[in-house]
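Below you'll find the structure, written out as structure tokens, and then a few comments.
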Amino acid sequence: MKTLFAIALSFVFVIARAQVSDTTIPHLDKRNGQIQLIVDGKPFLMLAAELHNSATGSAHLMAPVWQQMADKNFNTVLAPVSWELLEPEEGKFDFTQVDNMINGARAAGVKLGILWFGSWKNGLSTYAPSWVKQDTRRFPLASFVNGQKVNILSTLGRETMEADARAFTAMMAHIKETDYDHTVILVQVENEMGALDGAAAFWGGDNRAMRDYSPAANLAFKGQVPEALTAYLAKHCKTLHPAIRQAWETNGSKRQGTWEEVFGKGHPGNDTAQWMNEYPYLTEEIFMTWHYATYVEYIALRGKQAYALPMYVNAWLKSYAFCEPGKYPSGGPLPHVFDIWRAAAPSIDFFSPDIYAIEIFDETCRQYTAKGNPLFIPETTADAAGAARAFYAIGRYGAIGYSPFGIDRWWSINDTSYDKAFRCLKNLIPYIQSAMGTPRMTGLLIDGDRKTDRVEIGDFVISIVPYINNQSMALAGIVTGNDSNRPKGNTAGLLAIELGKGDFLLAGFGDIMIHIEKGSRCKAENIGFLSLDEITFTDDGEMLSHRLNGDEASMNCSFTDKVEAKVFRVKMYGY
């Protein structure tokens, strides 16, 4: 008898996938060697805000939020559609929530990214319809190692997968039919999925959710690793993540065998100081990853056949405190299991990190741009430090989108950090898009233990250092008094674009001074400012210049009581 996963894979690879490419709908395309999101025929940078999980549960409470988001300079809103509201009765679809979201976003002039809260959200299955929750025979749950059922729909539930896919496909078909102006630009399939011991994740305790331990899952774990996976490993053996490659090769690079025969027996971590480079219970995590990814592929492929918008999956990352699978969702798209996701879910266009562990912000960006994966950060901190990091993520890693989470609640709505940061970035979009994917654009960051940063661009080296003595400076309008919108911990980000030889556009947010020095390619004996202008923009985007000279020709000369995103244009010369 074929397993659920064999049937799903058969569906994936047997159904004809040749669809006529409609370049008028939002899609991904490579420009300057980098994948970008194309909306209405042009590259689109998502300056996004992700709403709280139940924000769209009522149209009347959401009514004012759409315009609030637009007024705060967000051009995209990421908002959830829940399976329980879309299909309150089996087979009877209600698109009221979807229509309200599209109409609200359209009226406010913002684009919409839909988050599909189907089988899983934050690892759990609380957004599934009541008719799914109440019938665990048809829609089985995962279990802990002791046999206790947990509120996580099992990836081995064929009827669950079919039901989720039908609902998702109906939603995509409805969007295609009703979204005449491409308000919806991309879709997240599920949310932070993976086997999770909620008690361990939030309060500590024993990790008992490295994988699903239900009877069906135990049987599958003792069964054969799918040939499609081992064939992928063999084909891509030289480029596999080191952890996956080592596990497979250490056990003989087998093309057949059980999960433990192919990848070895999972083991706990040994050194928490090396948590980023240790992969405890890896075999269990690979097992869960394959089954989550196969399940999601079935849903995404069906949805794309209805309407082929870009689709991504997001990840709850491991961290120092929760570094074992099960304490973070085991099976989600973390960097060390990208290969498993790529083997099982080719219909997913890219993987995205939800970054709250800011101490690994830079490393996470690096990992999520490996092998051509475009960087989109759908969730991060809704504070001034998060706003500062946007300049770095876009400049250094070419992020196609950046989004704080929960900006719609009262404790975030009054913070003006993102208003200012995204207003600045919005005005710079033409320059960003022209430099995206080229060495003419980069980013710098001060954050945590990273006290300075420097980068060579063209003939010059640009560096940033903290502003000293708590005085103000022009780049970030640094605070002289108390300001709740000031980046905490001296977090600061800088976006640098070389417009021409020695001609730079510098934009940033944070408590820093900018220095420009000779680079290794500079032939001049000395360098100086040919001109230095502080740049501001009118409400309609017109660029205004204010020339600085003499003893004020420096990028630390503005005096203000409020943190601001600042832009300078500086032209250098040699003598």
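Evaluated for a side chain to side chain contact (heavy atoms under 4.5 Å, CB included) with Pro26, the options Val184, Val187, Leu309 yield exactly one hit, Leu309. For the pairing with Phe376, the ring-ring contact (aromatic ring centres under 6.0 Å, His included) check across Tyr368, Tyr312, Tyr397, Phe351 returns one residue only, Tyr312. Under the ring-ring contact (aromatic ring centres under 6.0 Å, His included) test applied with Phe117, the options Tyr127, Trp83, Phe168 reduce to a single match, Tyr127.
Contact of the Thr56 side chain with the Leu51 side chain is registered, since non-hydrogen atoms from C-beta on lie closer than 4.5 Å. Pro346 places none of its side-chain heavy atoms less than 4.5 Å from the side chain of Trp341. Residues Pro353 and Leu375 have side chains in contact (heavy-atom distance under 4.5 Å, counting atoms from C-beta outward). Annotation: side chain of Tyr298 is in contact with side chain of Glu162 (closest heavy-atom distance under 4.5 Å).
Looking only at distances, a side-chain donor or acceptor of Asp453 sits under 3.5 Å from a matching main-chain atom of Leu445. Distance alone, capped at 3.5 Å, is enough to place a donor-acceptor pair between the Lys111 side chain and the His182 backbone. Remark: the backbone N or O of Asn122 is paired with a side-chain donor or acceptor of Asn191 at under 3.5 angstrom.
Of all heavy-atom pairs between Phe338 and Gln367, the closest is CE2-O, 3.7 Å. The shortest non-hydrogen separation linking Leu37 to Pro310 is CD1-CG, 4.0 Å. Contact record, Tyr328 with Leu317: CB-O, 4.0 Å, taken as the closest heavy-atom pair. Scanning all heavy atoms of the two residues, the minimum distance from Gly386 to Thr381 falls at CA-OG1, 3.4 Å. Contact between Ser434 and Asn32 at its shortest, heavy atoms only, is O-ND2, 3.8 Å.
The number of heavy atoms from other shown groups lying within 6.0 Å of NZ (Lys176) does not exceed 12. Summarising the local packing, CG of Asp540 is surrounded by more than 12 heavy atoms from other residues, nucleotides or ligands at distances under 6.0 Å. Surrounding NZ of Lys30 are at most 12 heavy atoms belonging to other residues, nucleotides or ligands under 6.0 Å away. The environment of CZ in Phe93 is crowded: more than 12 heavy-atom neighbours from other residues, nucleotides or ligands sit within 6.0 Å.
Between the side chains of Asn73 and Asp419, no donor-acceptor pair of N or O atoms lies under 3.5 Å. Checking Asp164 against Trp116 by side-chain atom types alone, a donor-acceptor pair falls below 3.5 Å. Between the side chains of Asp99 and His174, at least one donor-acceptor pair of N or O atoms lies under 3.5 Å. Using a 3.5 Å distance cut-off with no hydrogens or angles, the side chains of Tyr295 and Ser119 do pair a donor with an acceptor. When only modelled atom types and interatomic distance are considered, Glu379 and Ser403 share no side-chain donor-acceptor pair under 3.5 Å. Defined by atom type and a distance below 3.5 Å, a donor-acceptor pair is present between the side-chain atoms of Asp408 and His52. Checked by atom type, the side-chain pair Ser352/Asn314 shows no donor-acceptor distance below 3.5 Å. Of the N and O atoms on the side chains of Asp362 and Tyr392, at least one donor lies less than 3.5 Å from an acceptor on the other residue.
Remark: Asp29 does not engage Lys42 in a salt bridge, criterion side-chain N to carboxylate O under 4.0 Å. Looking at Glu534 and Lys566, a side-chain N of the basic residue comes within less than 4.0 Å of a carboxylate O on the acidic one, giving a salt bridge. Ion pair Arg440/Asp503 not flagged as a salt bridge, since none of the NZ, NE, NH1 or NH2 atoms sits closer than 4.0 Å to an Asp/Glu carboxylate oxygen. One finds a salt bridge joining Glu90 and Arg138 here, because a Lys/Arg side-chain nitrogen approaches an Asp/Glu carboxylate oxygen to under 4.0 Å. Using a 4.0 Å cut-off between charged side-chain N and carboxylate O, Lys304 and Asp349 make a salt bridge.
Atoms CG and CD1, on Asp181 and Ile102 in that order, are 9.0 Å from each other to the nearest 0.5 Å. With values rounded to the nearest 0.5 angstrom, Arg166 atom CZ is found 9.5 Å from Thr169 atom OG1. Of the inter-residue distances, the one linking Tyr356 atom OH with Thr380 atom OG1 reads 7.0 Å to the nearest 0.5 angstrom. One distance of note links CZ of Arg302 with OG of Ser347; it measures 12.0 Å at 0.5 Å rounding.
Tyr180 carries Arg106 over the face of its six-membered ring, with the cationic atom under 6.0 Å from the centre and within 45° of the normal.
Relative orientation of the Tyr418 and Phe422 rings is perpendicular, given thresholds of 30° and 60° on the angle between their planes.
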